[in-house]
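For reference, the structure discussed in these notes is given below.
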There are 2 protein chains.
Amino acid sequence: MEDVRHVLQLITRRFGFLNKNCCSVGGVDVSLIQSHILYEIDRQHHPSMQQIAETLGMDITTFSRQVQSLIRKKLVKKSPSDQDRRVYILELTTEGKFVAAAIEQQVQDYLTQIFFHMNEFEKETVIRSLKLLNASMEKTGVCCS
Amino acid sequence: MEDVRHVLQLITRRFGFLNKNCCSVGGVDVSLIQSHILYEIDRQHHPSMQQIAETLGMDITTFSRQVQSLIRKKLVKKSPSDQDRRVYILELTTEGKFVAAAIEQQVQDYLTQIFFHMNEFEKETVIRSLKLLNASMEKTGVCCS
DNA sequence: GACTTTACTTGCAAATTGCAAGTATAAGAT
DNA sequence: ATCTTATACTTGCAATTTGCAAGTAAAGTC
């Protein structure tokens, strides 16, 4: 139990490294945080700025500027909502989707490699455990909608 | 399998948030990265600068300055090695140990909370799974000695 | 003893941060 | 209807953090 922190720290670090290295696609470079933003915009259906900033636990002003940067790179599109014109709806451009997919592919390749060292039973156990852990973390409600 | 990335992303994020919030001890504030530095100096026995920077995957120059900052806060001590006077040996000061321990305590409390939602069997399975996952990640050798 | 490598630091310019203060729209109160 | 308050987002600014290039100083190599 004492070493759970350490193991989690290592897993987190390794997973973070992965993302860090995988953020250059074609001519475009995106930072780690930007890749997370792309990822979340892709996942959530036409989210607002707030939603993504909240999900990622970022300060909204920092987020605002990151989005500006992604718009400059033509990876993200921002349009005012019809229902409430204070809010802006985010979506990926075609190129944004392409970059997100390329990153996704690299992550999946890495995950495949990792699970390659396990047999089917281990693999399933690990995946189930991760989900359970995540669910437990959610219950304690430290963060992240 | 497709959602493993997402689950890992969430776990990572939640675990990162935890650390982010837990870095004010007594009068002293340390950033997330600094808390990781303290943690690793504590773990490794009289490590050099390189070693910690490498472990954390940080640029050595950035690391150098972070250490300077921790020394200013009197949490870390740096002394030239006897064997090789180019290298500096790092260790925590008494206060540094105190801060590291306080952070450790907060993390452990959080982990206890998380596992509180599981029965003994689940708990053991999850811990075993995390170790297995970490070992598999290590085999693919993306990072982190 | 001259060259190379290694461990670490500093200069600098760019990027990233958060707070305070701003604009603009929406919702609620009278 | 309008006055106030709340919400969604942006901008100014000053502080921090970053990485590269160039530095120092000590080992190691030939």
Side-chain angles (χ1 to χ4, degrees), chain A residues 13 16-17 19-21 23-24 28-38 40-41 44-73 75-91 143 145, chain B residues 13 16-17 19-21 23-24 28-38 40-41 44-73 75-91 143 145:
Chain A
R13 198 175 295 157
F17 268 42
N19 281 346
K20 194 181 270 178
N21 298 328
C23 295
S24 185
V28 201
D29 277 329
V30 298
S31 69
L32 177 56
I33 308 146
Q34 291 179 341
S35 83
H36 285 152
I37 295 175
L38 293 181
E40 285 300 333
I41 293 178
Q44 297 179 31
H45 187 61
H46 292 300
S48 70
M49 306 262 300
Q50 289 278 355
Q51 275 168 42
I52 303 291
E54 163 99 28
T55 303
L56 297 175
M58 292 177 69
D59 185 279
I60 184 75
T61 70
T62 303
F63 182 74
S64 172
R65 278 179 277 242
Q66 288 289 359
V67 168
Q68 286 171 31
S69 158
L70 286 168
I71 290 173
R72 255 180 272 121
K73 292 178 187 173
L75 302 178
V76 167
K77 196 184 151 203
K78 192 175 82 172
S79 19
S81 159
D82 287 340
Q83 287 107 52
D84 184 337
R85 298 211 319 222
R86 289 170 304 179
V87 343
Y88 284 91
I89 301 299
L90 299 173
E91 59 186 318
C143 90
S145 55
Chain B
R13 199 175 294 156
F17 267 43
N19 282 345
K20 195 181 270 177
N21 298 330
C23 295
S24 187
V28 201
D29 276 329
V30 297
S31 70
L32 177 56
I33 309 146
Q34 291 180 343
S35 82
H36 284 153
I37 296 175
L38 293 181
E40 285 300 333
I41 294 179
Q44 297 180 30
H45 188 62
H46 293 301
S48 70
M49 307 262 300
Q50 289 278 355
Q51 274 168 41
I52 303 292
E54 163 99 28
T55 303
L56 297 174
M58 292 178 69
D59 185 279
I60 184 74
T61 70
T62 304
F63 181 74
S64 171
R65 278 180 278 243
Q66 289 289 359
V67 168
Q68 286 171 32
S69 159
L70 287 169
I71 290 174
R72 254 180 272 122
K73 292 177 187 173
L75 302 178
V76 167
K77 196 184 152 203
K78 192 176 83 173
S79 19
S81 161
D82 287 339
Q83 287 108 53
D84 185 337
R85 298 212 318 222
R86 288 170 305 179
V87 343
Y88 284 91
I89 300 300
L90 299 172
E91 59 187 318
C143 90
S145 54

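This is a predicted model, so every value here is computed, not measured. So that the names make sense, note that chain A is the first sequence line, chain B the second, and so on, each numbered from 1.
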Check: With sequence neighbours excluded, what pairs up with B:Lys77 under the salt bridge (charged side-chain N to carboxylate O under 4.0 Å, His left out) test?
Finding: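 Only B:Glu91 meet the salt bridge (charged side-chain N to carboxylate O under 4.0 Å, His left out) criterion with B:Lys77.
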Check: With distance as the sole criterion, is a donor-acceptor pair present between the side chains of A:Gln50 and A:Glu54 under 3.5 Å?
Finding: no
Within this structure, what is the [atom1]-to-[atom2] distance between [X] and [N], rounded to whole angstrom?
{"X": "B:Asp59", "N": "D:dA21", "atom1": "CG", "atom2": "P", "value": "11 Å"}
{"X": "A:Ile37", "N": "C:dT17", "atom1": "CD1", "atom2": "C1'", "value": "13 Å"}
{"X": "A:Asp82", "N": "C:dT25", "atom1": "CG", "atom2": "C1'", "value": "14 Å"}
{"X": "B:Leu32", "N": "D:dT16", "atom1": "CG", "atom2": "P", "value": "18 Å"}
{"X": "A:Glu54", "N": "D:dC9", "atom1": "CD", "atom2": "C1'", "value": "15 Å"}
{"X": "B:Ile33", "N": "D:dT17", "atom1": "CD1", "atom2": "P", "value": "7 Å"}

Item checked: Side chain of B:Thr62 (C-beta onward), nearest among C:dT16, D:dT18, C:dA26 -> D:dT18
Note to self: It should be established whether B:Gln66 places a side-chain nitrogen or oxygen under 4.0 Å from OP1 or OP2 of nucleotide D:dT16.
What the structure shows: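 False: B:Gln66 side-chain N/O out of range (4.0 Å or more) of D:dT16 OP1/OP2.
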Next item on the list: Report, as a single string ordered 5' to 3', how protein heavy atoms within less than 4.0 Å touch nucleotides 2-8 of chain C: B base, S sugar-phosphate only, - not at all.
Entry: ---BBSS
Table of protein N/O atoms under 3.5 Å from nucleotides 13-15 of chain C N/O atoms:
none

Margin query: Quick one, B:Val87 with B:Met49, criterion side chain to side chain contact (heavy atoms under 4.5 Å, CB included). Give me CA distance, side-chain angles, the key distance, then yes/no.
Written below: CA-CA 7 Å; B:Val87 343; B:Met49 307 262 300; over 6 Å; no
Result block: side-chain N/O donor-acceptor pairs under 3.5 angstrom for residues 61-71 of chain A, not counting sequence neighbours:
| residue | atom | partner | partner atom | Å |
| --- | --- | --- | --- | --- |
| A:Thr61 | OG1 | A:Asp59 | OD1 | 2.5 |
| A:Gln66 | OE1 | A:Gln34 | NE2 | 2.9 |
| A:Ser69 | OG | A:Gln34 | NE2 | 3.0 |

N/O-N/O pairs, protein side and nucleotides 12-14 of chain D side, under 3.5 Å:
| residue | atom | partner | partner atom | Å |
| --- | --- | --- | --- | --- |
| D:dG12 | O6 | A:Arg65 | NH1 | 3.4 |
| D:dG12 | O6 | A:Arg65 | NH2 | 3.2 |
| D:dC13 | N4 | A:Arg65 | NH1 | 3.4 |

Notebook entry, point to check: Looking at residues at least two apart in the chain, or sitting in another chain, which of them share a side chain to side chain donor-acceptor pair (under 3.5 Å) with A:Arg86?
Noted result: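 Expected list: A:Asp84.
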